[in-house]
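Only a predicted model underlies this, so the values are computations on that prediction, with no experimental measurement involved.
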Amino acid sequence: EVQLVESGGGLVQAGGSLRLSCAVSGASFDDHDIAWFRQAPGKEREAVSYMSATDGRTYYSDSVKGRFTISTDSAKNNMFLQMNSLKPDDTAIYYCAASEIMYYSDDFPLNVHDYDYWGQGTQVTVSS
């Protein structure tokens with residue numbers, strides 16, 4: 001069974017940084033596309049970053065591009081989201097996700113229904 005366990009969330013001041021981690025068991029990054037989503041109160045879950053298992057191409061939402069970086073540690077089967085220059089609007093619950101299949105479309109898979117396995121979520125709060 002594929003399981004994802006998140007850690008690294010917390011309370012930070014605006015302008016600070018956090019590194020979210022997601023430990024993946026029961027699967028390899030060779031077999032699954034991965035992504036990070038976030039959900040703020042009253043808002044839908046939003047894809048903020050993606051990485052293809054097929055060719056390594058990445059996606060970042062406009063709101064986080066240039067500030068967030070998705071990465072993996074293949075040996076340990078962990079995925080990370082480095083978040084720099086955090087803003088209060090980044091406050092949300094962050095979720096790591098993995099897809100059952102690998103996507104070959106030119107379009108990035110950014111819908112929550114594109115993913116089959118989810119972390120439990122970790123709270124990120126950015127104070128003003």
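Between the T91 side chain and the V126 main chain, a donor and an acceptor come within less than 3.5 Å of each other. Judged purely by atom type and a 3.5 angstrom limit, D33 uses its side chain to pair as donor or acceptor with the backbone of A53. A side-chain donor-acceptor contact under 3.5 Å links D114 to the backbone of L110.
Side chains of E100 and Y117: a donor on one and an acceptor on the other come within 3.5 Å.
Side-chain contact between C96 and L20 is absent, with no heavy atoms from C-beta onward closer than 4.5 Å. When side chains are defined from C-beta on, R38 counts as touching S63, because their heavy atoms get closer than 4.5 Å. For the pair V124/M83, a side-chain contact is recorded, criterion being any heavy-atom separation below 4.5 Å from C-beta on. In this structure, N84 and S17 have side chains that are in contact, with non-hydrogen atoms separated by less than 4.5 Å. Counting heavy atoms from C-beta on, the side chains of F108 and T58 never come closer than 4.5 Å. The shortest side-chain heavy-atom distance between I34 and I70 falls under the 4.5 Å cut-off.
Between V112 and F37, the closest heavy-atom pair is CG1-CE2, 3.8 Å. Of all heavy-atom pairs spanning A40 and A92, the tightest one is N-CB, 3.8 Å. Taking both residues in full, the closest heavy atoms of Y95 and E6 are given as CA-OE2, 3.1 Å, listed atom of the first, atom of the second, then distance. Here the shortest heavy-atom pairing between R67 and D90 reads NH1-OD2, 2.7 Å. For the pair G26 and V2, the tightest heavy-atom approach, listed with the atom from each and the gap, is O-CG2, 3.6 Å.
W36 and Y59 sit in two unconnected hydrophobic clusters of ILVMFWY residues. Membership requires side-chain heavy atoms under 4.5 Å apart, directly or through other members. Hydrophobic clustering of Ile, Leu, Val, Met, Phe, Trp and Tyr side chains at less than 4.5 Å, counting indirect connections, keeps F80 apart from V64. L81 and L4 end up in the same hydrophobic cluster when Ile, Leu, Val, Met, Phe, Trp and Tyr side chains are linked at under 4.5 Å.
The aromatic rings of Y115 and Y50 lie perpendicular to each other, with more than 60° between the two planes, well past the 30° mark. The aromatic rings of Y94 and F68 sit tilted relative to each other, their planes meeting at an angle between 30° and 60°.
Applying the side-chain hydrogen bond (donor to acceptor under 3.5 Å, both in side chains) definition to pairs two or more places apart or across chains, none involves residues 68-81.
Salt bridge R57/D55: present, at least one basic N to carboxylate O contact under 4.0 Å.
Rounded to the nearest 0.5 angstrom, M79 CE and H32 NE2 are separated by 12.0 Å. Between the CZ atom in R19 and the OG atom in S7 there is a gap of 9.5 Å [rounded to 0.5 Å].
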